[in-house]
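A, B, ... follow the sequence lines: proteins, then strands. Residue 1 opens every chain. Values below: all heavy atoms of this structure, side chains included; hydrogens, waters and symmetry mates excluded. None of these values were measured; they are calculated from a predicted model.
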Amino acid sequence: MSQAGAPRITAFVCNWCTYAGADLAGTSRLQYAPEVRIVKLPCTGRISPLFILKAFEGGADAVLVSGCHPGDCHYTSGNYHARRRWGLLRKLLDLTGIDSRRLQFSWISAAEGQKFADLINDLTAKVREAGPFAGANPARKRLAPAPEEAQGPRRES
Amino acid sequence: MKSLSADRLQDLAAALSAAGYRVVAPVEADGVVRFAPWSPGAAIRTDAVPVNSLKDVFFPPSEAIGRWRRSGDGFDAIETRPEAPKTAALAARPCDVAALAMLDAVFNWDFRDSFYDARRAATVVAALACSEADEECFCTSVGGRPDAAPGADALLRPADGGRTLIVEPLTDQGRDLAAAASGVLQDGAAAPDAPPEVRRRFDIGRVGAWLAGNFDSPLWKELSLPCLGCAACAYACPACHCFDIQDESGPNGVVRLRNWDACGLGLFTLHASGHNPRPDQASRWRQRVMHKLAYAPERFKVAACTGCGRCGRVCPRGMSLADTAERIAAAAAPAAGPAAGVPA
Amino acid sequence: MSPTPSLREDAARLLREGRVKLVIGYRAHAGGGQGPAVPEGACRAPLAGGGGRRPAFIEEAHRAGELVFDGACSQNLAAYLKKPEVRARMPLAIVASEAVGRSLVSLAAESQFAQGALLALAFRGERYEGVKEVEELAALAREAAPEPRRDPDIGRRLAELAAWPAQRRAEWWSARFSRCTRCYACRAACPGCYCQRCVTERNVPQWVSTAALGHGNYAWNMIRAFHQAGRCTLCGACASACPQGLPLMLLNTFLAAQAAEQFDVEAGLDPAAKPLIGTWDPEDDNSFFT
């Protein structure tokens, strides 16, 4: 989390459903917590486990992965492939210390702007409650120049 | 004569720690003995050769050698110094100490490596003469001895059937170490134990002569066939010293890292074009053997192998440099004829 | 009774008749060296010593007499099928303990060798079963292990870990991964790790840091284990290859149990099995999605 205590949440979403859902939340003027950074991919099937690891390595307090509902994939089966991978990956990460408070999965369609806003608010509240992940995050890169040496606003927790 | 009861090595470590030394020694964690920082209460294991070597103290697997912070559109360099606390390396084996000649030479060859040198200067090495040798040990084949450690600052020599360690300072740093530990050392005579017998496996001169003329020998293919192409041997080796430079960036800036690398890995010589001048494991294994027993002796007058035997102990296939050298020595024997005709 | 006479006869016959160009097996090694592997995963004797076995590559029938087989033959020879030098000598025969047999079945399911390119000189325990095709190996494997085999000690340790808070698990694993030197002996020893360019070697961008530091070691160990999910036959080669004694079998066993529990998959029993990751089912678990 940044110094202000805002959690850093990385969201990997598919282009066709969840990104459009987020867009709808915006155009509908729905308010939701601003701590989420969205990374748009063509399909959840493109979301490699490496992306999730990289987000945690870079200091994310939580990662959200979201795409089209089962049966609705723009590419027919990308989300089915992805679901199977995550069913195993999330267990492996949990075993090694990245538990389900830090890694969330959801299906959000292009019509579900409200669900997107609610999910981000819920997730943000959950991550705030869990606290900053930095100290306990096993994937975290602890290499950057020390914060006291960095100029300008402190960006590392 | 100064000495120490063998079961009081921990007290020696504690005394050195109290005198301001960081102590590294063979300690066990999760069933594996490693050369690692000693902490109070940890037993110092003299009954096992650590899985890693003394090299790690001077040349760690990864270290930051440069750092830059973001500044506007550019970067400002942050002065990066080696972490080199005053250190005492206890109970290093003679074969590990022997490898320091190779490391000193290569890290001060055409460029003085301030990171290596700083730690070398800050570290006093107290070697432990061996009281036993296993089947992988072959120091005597490459000019070493189990009971002498030229290059160390002090030698701990087992005596009285292993109950006592005679402390023999060899340098001023070693005398400082003995002085810092004087509270746990005692005076009096002790009878040094006979060193273990380490079988001489090959004639290094004969191996060198064969290497000089057999770069293209078909024997390389055969010798390398069991090799799976990992870096276990190189990383366990006290004399291997290859590294890779990687820059890793973060939100605040960039860190330049020096990471271990090894000639057994296919990526080691892979060009950006896709061409690999060492395209197979035979050429990689040849490089490893040549570097150790031909190139290093030619360039630095010292073999890059000290016979510690770790390669054979850690190899998932049990390959060792000694086995290879033995085969080469047999190939070089006049009676055996040309290299291709070596009996298996 | 020693099984080696019939093993040697079969190996010599296959070579003599030209059915194979190479037999990969085990030979005795006078010098000792690394003894039987320790697939338990936690530790290994620092001074291994003791009568070792070494891989043997036999191309001439008259050398088949070098072959031996006994309980000390614990190296997984199936890992050699990824070496180009070995692949160039197909068709070949390979001395296959139960563990090697399961690896071969798993590799056959992943189309890693052509039909007829590989024969097994199969063992069940120390009993020699003769020359087997891959389908027969699979039948042997199913017969030998009708129920999934899991090390109960590893099961207990996993249960213990599961009861801890996440932070304690993270700290426990980080302490172990911190010893990883990235020598990749785990990858080299694994028959299933056959990617021609491993993900750690993909550097545009550098997905997995090659530094032997916390972040790189965590990412590497996660990716290595995850790439084996539903494929690992629990032979233990990675764990016994690890010089640092990292508890890799905890990760492998955990994922194998998950693959079985969630998807009813047991690797190394069916040469026609579809890959777990790479296929899907509309009925897969959906309960973790909001």
Using non-hydrogen atoms only, which part of [X] is less than 4.5 Å away from chain C: side chain, backbone, both, or neither?
{"X": "A:N137", "result": "neither"}
{"X": "A:K91", "result": "both"}
{"X": "A:L50", "result": "both"}
{"X": "A:L93", "result": "both"}

Is there a side-chain contact between [X] and [Y], using heavy atoms and a 4.5 Å cut-off?
{"X": "A:L95", "Y": "C:L250", "value": "no"}
{"X": "A:S100", "Y": "C:F288", "value": "no"}
{"X": "A:R142", "Y": "C:L213", "value": "no"}
{"X": "A:L88", "Y": "C:I277", "value": "yes"}

Given heavy-atom pairs under 4.5 angstrom as the criterion, report whether the side chain, backbone, both or neither of [X] touches chain A.
{"X": "C:Q206", "answer": "backbone"}
{"X": "C:Q258", "answer": "both"}
{"X": "C:W173", "answer": "side chain"}
{"X": "C:L276", "answer": "both"}
{"X": "C:F226", "answer": "both"}
{"X": "C:D281", "answer": "both"}

- Under 3.5 Å: donor-acceptor pair, side chain of A:R83, backbone of C:P282: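 Confirmed, A:R83 side chain pairs with C:P282 backbone.
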- Task: Would you confirm whether C:W207, through its side chain, and A:L53, through its main-chain N or O, come within 3.5 Å as a donor-acceptor pair?
- Result: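 Pair absent, no side-chain N/O of C:W207 close to backbone of A:L53.
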- Task: Please report the C-alpha distance between A:R84 and C:T279 in whole Å, then the side-chain angles of each, then the deciding distance to 0.1 Å, and finally whether the side-chain contact (heavy atoms from CB on, under 4.5 Å) criterion is met.
- Result: CA-CA 8 Å; A:R84 189 164 266 205; C:T279 53; 3.1 Å; yes
- Item | Heavy-atom closest contact (A:R101 atom, C:A166 atom, distance) |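 Here A:R101 and C:A166 meet closest at NH2-CB, 4.3 Å.
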- Message: Using every non-hydrogen atom in the two residues, find where A:A136 and C:A170 come nearest and quote the distance to one decimal.
- Response: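 The pair with the smallest heavy-atom distance is O-CB, 3.3 Å.
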- Determine the interplanar angle of the A:W86 and C:F289 rings, folded into 0 to 90°, and report it as parallel if under 30°, tilted if 30 to 60°, perpendicular if over 60°.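 Correct class here is tilted.
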- Item | Greater than 12 external heavy atoms within 6.0 Å of A:Y19's OH |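 No, not enclosed.
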- Does atom CZ of C:R202 have more than 12 heavy-atom neighbours from other groups under 6.0 Å away?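 Counting other residues, nucleotides and ligands, CZ of C:R202 stays at 12 neighbours or fewer.
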- Picking from A:D99, A:L119, A:D94, which has the most non-hydrogen pairs under 4.5 angstrom with chain C?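 Answer, by heavy-atom pair count under 4.5 Å with chain C: A:D94.
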- Query: Based on non-hydrogen pairs under 4.5 Å, which of C:R169, C:Q167, C:Q262 is most in contact with chain A?
  - Reply: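 Heavy-atom pair counts peak at C:R169.
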- Task: Go through the steps to decide whether C:Y218 and A:T96 satisfy the test side-chain contact (heavy atoms from CB on, under 4.5 Å), and finish with yes or no.
- Result: CA-CA 9 Å; C:Y218 182 80; A:T96 52; 2.7 Å; yes
- Item | Pairwise distance CG(A:L92) to CG(C:N252) - rounded to 0.5 angstrom |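 CG of C:N252 is found 9.5 Å from CG of A:L92.
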